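Values reported hereafter were calculated over all heavy atoms of this structure, with side chains retained and with hydrogens, waters and symmetry mates removed. Note that this is a predicted model, so its numbers are computed, not measured.
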Amino acid sequence: MVGNYVKDPYDNTIRLVSVEKDASMLRPLPITEEWLNDFGFEKTQRRDAHVINVGEYYLYVAVNAFSGTLEKDPSWHCSVDTGYGSQPMSIMKMYVHELQNLFFALTGTELKIKKEVSV
């Protein structure tokens with residue numbers, strides 16, 4: 001999606017200004033705590049979990065917390081809490097551009113960063 005952050009073929013972080021038919025040379029950016037902070041997520045009391053309010057929902061992103069995995073490298077997983085004592089709606093391994101797309105799908109607005117990432 002235009003506006004998403006990805007890696008180009010030269011391993012540079014770029015923000016997409018257009019989407020071409022063949023984007024096979026682009027690679028996803030792993031979510032890091034720095035990205036979450038830049039997007040305005042707040043750290044929760046749960047270990048390695050961050051949250052942001054998306055209207056009537058809360059979007060949680062945590063490292064390995066929701067899946068119970070013991071992966072070698074940290075994997076960030078996403079959960080949408082609808083409240084009312086419900087279980088999270090979805091759990092998935094996430095990359096930066098997927099988090100941006102999910103936020104847009106939930107709110108109709110772009111997930112903005114507090115400071116511009118150097119590209």
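- One distance of note links OG1 of Thr107 with CG of Leu102; it measures 9.0 Å at 0.5 Å rounding.
- Checked against ring pair (Phe, Tyr, Trp, His ring centres under 6.0 Å), Phe103 has no partners two or more places apart in sequence or in another chain.
- Closest approach of Phe39 and Ile52 over heavy atoms only: O-CD1, 3.8 Å.
- Through direct or relayed side-chain contacts under 4.5 Å between Ile, Leu, Val, Met, Phe, Trp and Tyr, Phe104 connects to Met1.
- Between Leu99 and Phe41, some side-chain heavy-atom pair lies under the 4.5 Å cut-off.
- Although no hydrogens or angles enter the test, the distance criterion places a donor-acceptor pair under 3.5 Å between the side chain of Arg15 and the main chain of Gly3.
- In this structure the side chain of Asn4 never reaches within 4.5 angstrom of the side chain of Val96, judged on heavy atoms.
- Summarising the geometry of Asp8 relative to Leu26, their closest heavy-atom pair is CA-CD2, 4.1 Å, with the distance given to 0.1 Å.
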- Task: Test side-chain contact (heavy atoms from CB on, under 4.5 Å) on Tyr95 and Leu29 and set out the steps.
- Result: CA-CA 6 Å; Tyr95 292 98; Leu29 280 164; 5.9 Å; no
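- Taking OG1 from Thr109 and CG from Leu106, the interatomic distance works out to 9.5 Å, rounded to the nearest 0.5 Å.
- By the 4.5 Å heavy-atom criterion applied to side chains, Tyr5 and Ile113 are counted as neighbours.
- In this structure the side chain of Lys43 never reaches within 4.5 angstrom of the side chain of Asn37, judged on heavy atoms.
- With sequence neighbours left out, the salt bridge (charged side-chain N to carboxylate O under 4.0 Å, His left out) criterion links Glu42 to no other residue.
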